[in-house]
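Chain naming here is simple, since letters A, B, ... match the order of the sequence lines and numbering starts at 1 in each.
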Amino acid sequence: MLRSSQPLTGPNRKRCREDEMLLGTVLDEGERGFIIDTRSAQAAKQARMTGGGTEPKSSYPHWRRLHRPLERGRPLQESFIKLVEACNDASITMDRWLSRLESCRWLSHVKAALSTACLAAQCMDREEASVLVHGAEGTDTTLLVTALAQVILDPSCRTLVGFQGLLEREWIEAGHPFHLRCARSAYSHARLKQEAPLFLLFLDCVWQLSRQFPFSLEFSECLLLTLFDNAYASAYGTFLCNNEKERCLCKVKESTHSLWAWLNQPGERKRYLNPLYSHNALVIWPSVEPQSIQLWQGLFFRWIRPSQHLDEAWAEIQRLAESN
Amino acid sequence: VENVRLLDRLSSRKAALGTLYLTATHVIFVENGSETRKETWVLHSQISSIEKQATTATGCPLLIRCKNFQVIQLVIPQERDCHDVYISLIRLARPVKYEELYCFSFNPKLDKEEREQGWKLVDLNEEYNRMGIPNNYWQISDVNRDYGVCDSYPTEVYLPKSVTAHIIVGSSKFRSRRRFPALSYYCKDNNASICRSSQPLSGFSARCLEDEQMLQAIRKANPGSDFLYVVDTRPKLNAMANRAAGKGYENEDNYSNIKFQFIGIENIHVMRNSLQKMLEVCELKSPSMSDFLWGLENSGWLKHIKAIMDAGIFIAKAVAEEGVSVLVHCSDGWDRTAQVCSVASLLLDPYYRTMKGFMVLIEKDWVSFGHKFNHRYGNLDGDPKEISPVIDQFIECVWQLMEQFPCAFEFNERFLIHIQHHVYSCQFGNFLCNSQKERRELKIQERTYSLWAHLWKNRADYLNPLYRSDHSQTQATLRPQMAPCNFLYKFWSGMYNRFEKGLHPRQSVTDYLMAVKEETQQLEEELEVLGERLANLQKSKLNYNKVKSKQQDRSKQLGLSMSNNSLANTPQEYSNDLKSFPSRTPSQGDEEDSALILTQDNLKSSDPDLSANSDQESGVEDLSCRSPSGGGCLPSEDSGKDSDEAAFLAV
C-alpha cells in the first residue's frame with residue numbers, strides 16, 4: 001500500500017515520466033494496481049484547474065482508479081461541532097433525536113471511512129493487488145484510509161506497541177498537520193479554516209472496530225480517549241507541530257517528553273490494555289451496515305452519562321479475564 | 001421441492017441450492033453440499049407473512065417473514081410448485097385449532113412426572129409469599145375461583161385484607177372486562193404496592209361506591225402514605241374519548257385522596273404499525289446511515305420503548321422514593337398495564353433480575369393476569385388488528401436496561417431472545433390462549449411442556465458472567481438516567497437482525513467470560529480437591545498416575561480455544577467495483593429441537609371462544625389509530641406532544 005498526494009497534471013494534462021516509472025516499478029509483470037482517490041470524480045477533475053488532478057489512464061495503464069469521496073476540512077469540522085451540540089442538547093425529545101443525529105452526518109462519515117479502508121484492504125488481501133491512496137494533499141483522508149486499512153489487515157498494528165508505531169508512521173511522521181487540525185475542538189467559536197477532526201474520525205473508526213472485534217485489539221477505549229485528549233492538548237510533545245520538519249526546527253525532541261514513553265510505563269500501561277485481547281492473526285472485516293455503526297458514547301457522552309455502572313462492568317470484565 | 005435456491009438477503013449473488021421440505025410443523029431447507037448439508041428450519045407458528053413475488057428468469061421468488069424477525073428468500077424454479085408451496089404455507093401458518101400447534105406434538109422425551117415438575121417450577125403462591133403476603137394488609141382471595149367474577153383474571157388474586165367479596169364484585173362491574181384492581185407487586189420495606197386494573201366504566205359522570213371503596217382500601221393498605229397514585233397509561237385524548245363510550249378514567253373528585261396521572265403510551269395499533277415500519281427499515285438493501293436513522297425515527301419505535309420505560313420509572317420512583325402506592329390501568333389492563341407493571345417491578349426488586357425471578361415476573365404480570373397471547377401473537381388465525389408486539393416491547397425494555405446496567409441481571413441477551421422466540425413458536429404451552437381459564441379448559445399443563453423448565457435446564461447458556469449477587473448494582477433499585485437520555489436507547493440489532501450473522505461480532509464476549517468463569521471455578525474446585533489429597537498423602541497410598549491423567553484431561557477440556565479465530569470472517573460487499581467478493585454467510589434459523597412428523601392425533605376439543613376481541617380503544621377506531629403517518633385521524637394530535645407530556649409526567 002502506498003500513499004501520496006495528487007499528481008500535478010493540471011489543465012494541460014502534464015505527464016511525469018519519473019512518476020510513471022515509480023508506480024510502474026511497484027507492480028510486477030502482469031499485475032494490476034488500484035488507485036483510491038479520496039475525492040469525488042468531479043472534485044478530482046476540478047482540481048486540474050488549480051494545477052492538480054488525477055492519474056490519466058493512458059499514462060498509468062496498469063492502475064485502475066476508484067473514487068471514494070471522504071469528507072474533510074470545514075464540512076467535517078462542522079459535522080463534529082453539530083454532533084457535540086446535539087449531544088449536549090437536553091431539550092431534544094426522543095422523536096427528534098435520531099434525525100438530529102443524522103443531520104450531523106458524523107456517523108455517515110464513519111461509515112464512509114470504514115468502507116474505504118475496507119476497500120483498500122480488500123484490494124490487497126482479496127485481489128492481491130497493490131494500492132495507492134491519495135486525496136488532494138495526502139495529509140488527511142489519505143492517512144485516515146491507510147492507517148485504518150492497516151489496523152484491519154495487520155495483526156501487529158492491533159497490539160499496543162504496534163498501534164503506537166502505526167500512529168507514529170501514518171499520522172505523525174506522514175505529516176498530518178496536528179497543530180492546524182487539532183486546534184480548538186468543538187466548542188470554540190473561532191471557526192478556524194484549517195481545523196478538522198480527521199484524527200478523531202480515525203479514532204472513532206478504530207473504536208467501531210474494537211466494538212465489532214472485542215478480542216482483537218490489544219488496547220482499550222481508554223487509550224483512544226487519551227489519544228484524543230492529547231491530540232488537542234498535551235503535556236507531551238508527540239502531537240506538536242505539523243510535520244517532522246517543524247518538529248526539528250522547534251527542537252521538540254530535545255525540549256519535550258514523549259507521550260509514548262509515559263504510556264508504556266509498566267504502571268500506566270495496564271490502563272490501556274484490553275483484558276479480552278487474544279492475538280488474532282486474521283484480517284478483521286467490519287460490517288459497515290448502519291446497524292453496526294454506533295455513536296461512540298464513551299467519547300461524545302463522556303461528561304454527560306453516568307459511567308458508574310459501566311465502569312463497574314468493565315472492572316468485572318477485567319477481573320474475570322485476569323483470573324484466567 | 002428440489003432445486004430451490006435460498007438467497008442471502010443482502011447479497012443476491014450468493015445463493016444456496018437445495019431442497020425444500022414442508023412438514024406438519026416446519027418448513028425445512030436442506031442445502032445440497034457434499035459435506036455441509038446445512039439446514040434451515042422454520043416453524044410454521046413463526047411465519048408472519050408469505051409473499052409471492054414476480055416470476056423472473058431464474059424462477060419464482062417466495063419471501064417468508066417470521067415473527068422472530070427471520071426473513072427467508074427462496075426461489076422456486078417452477079411456478080406451479082411455488083404456488084403450491086405458497087398455498088400450503090398460508091394454510092399451515094394459520095392454524096384454526098389449538099391441536100394443530102407444535103406444542104401438542106412436541107416430544108422432549110420426558111415422563112409424566114418430569115412434565116409436571118416442569119410446570120411447577122414457577123409457583124406464584126410462593127412468589128407472593130416471598131413478597132411477604134399474607135400479612136396485616138394483604139391477603140389472597142378466592143372470590144374468582146370459578147372465574148365467576150372476571151374470566152380473564154386468575155383464580156387467585158391478592159387484595160387488601162379489608163376488602164369484602166361484595167366490594168370486589170361491585171368494583172368488577174364498574175371496570176372494563178370486569179378487571180378489578182388487584183395486587184401486582186408489594187414492597188414490604190414501606191408497604192407501598194402496585195395494583196393493576198382496567199379502566200373504570202365512569203363515562204362522564206357514573207360512580208360506583210364499591211370501586212371507590214376498593215381504591216380506598218388499597219390506599220389504606222399503605223399506612224405510610226395518605227394518597228394513592230392512579231396512573232392511566234393511555235394518552236389523555238384516548239382516555240377522554242373513551243368517556244364518550246361509557247368508560248374513561250377516575251375522577252379525582254369522586255375518589256378520595258387519589259392523584260391522577262396520564263402517561264401516554266400509544267395503543268396496540270400504533271405499536272403494530274411502528275414495528276412494521278422498523279422492519280421495513282431493516283429490510284432495506286444497503287441503506288445509507290441517513291436512510292437508516294430517518295427510517296428508524298419515522299417508525300417511532302424507540303420513542304415508544306422510552307415511553308414504556310418512563311412509565312415504569314415513574315411508578316418505581318413512586319413506590320421506592322415516595323413510598324406511595326400506585327394503581328395502574330390502560331383500557332383493558334392487559335397490554336400497557338402489563339408492560340408498565342413488569343418494568344416497574346424489575347426496577348424495584350433485584351429478584352426479578354435473576355433468571356428464576358424473571359420467569360416468575362412473566363408468569364405473574366403476563367400469564368396469570370390474562371395477557372391475550374393468542375390474539376396478540378397469533379397462535380391461531382385471528383383478527384389481524386389484534387396482533388401487536390406488546391411483550392416484544394417489554395422484552396426490549398429489559399434489554400435496554402441490561403445495556404445500561406450490565407452487572408445487574410443474572411441472565412443475558414440470549415435468554416431474552418429465546419423467550420421472545422418461544423412466545424411465537426408455540427413449542428411450549430406457556431404462551432397459549434388468552435387467559436388462565438382457557439388454558440385450564442384445554443388442559444395445557446397435561447398436554448404440553450413448560451418453557452421455563454426447558455430454559456432452566458439450559459440455564460448455563462443464559463447466564464450473565466458479569467452478574468454478581470453481592471454487587472452494588474444488583475442490590476439496589478435501578479435508577480435509569482432520566483434526562484438527557486435519548487442516546488441511551490439503542491437499536492437492538494441482536495433481536496431485529498438476529499439472523500444476519502455478518503452484522504454481529506463474531507465472538508461473544510458473554511460466552512467467553514462465562515467460559516472463563518467456569519474454568520476458574522473448576523480450577524478452584526480442583527485446587528481444593530488437590531489440597532485435600534495432599535493432606536491425606538500420609539494416610540493413604542496415592543496413585544500418582546491417576547492424578548496426572550485427570551489433570552491432563554481437565555486442561556484439554558478447559559483450553560479455551562480462541563481459535564474460533566480460525567473461523568475467518570468474510571468481508572461484506574464494500575464496493576460494486578471489485579468483482580465477486582465473498583459476502584456474509586447465509587442466515588440460518590435458530591432451531592431448538594429436531595423435527596417431528598405430526599401423528600394423526602385426533603384430539604378433539606372445542607376451542608375457547610375467540611370472539612372476545614380487544615376493545616378497539618374507544619370503540620372509535622379512527623381516534624385510536626393514530627399511526628405515525630398521522631393520516632385520516634380525528635382530531636389529529638401531534639404525536640410529539642404526547643411524548644412531551646409523557647416526559648413531563650414522568651418527572
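- Using a 4.5 Å cut-off between heavy atoms, B:Ser288 contacts chain A through its backbone alone, with no side-chain atom that close.
- Looking at B:Glu396 and B:Trp301, their side chains do bring a donor and an acceptor atom within 3.5 Å of each other.
- Proximity to chain B (any heavy atom under 4.5 Å) is shown, for A:Ile92, by both the backbone and the side chain.
- Distance check, rounded to the nearest 0.5 Å: CG of A:Asp37 to CG of A:Leu66 gives 9.5 Å.
- Proximity to chain B is limited to the backbone of A:Gln212, based on heavy atoms less than 4.5 angstrom apart.
- Side chain of B:Ser274 to backbone of B:Ser299: a donor-acceptor contact under 3.5 angstrom is found.
- A:Tyr272 and A:Phe219 have their aromatic ring centers separated by at least 6.0 angstrom.
- Interface remark: A:Arg319 contributes side-chain atoms only to the contact with chain B (heavy atom separation under 4.5 Å).
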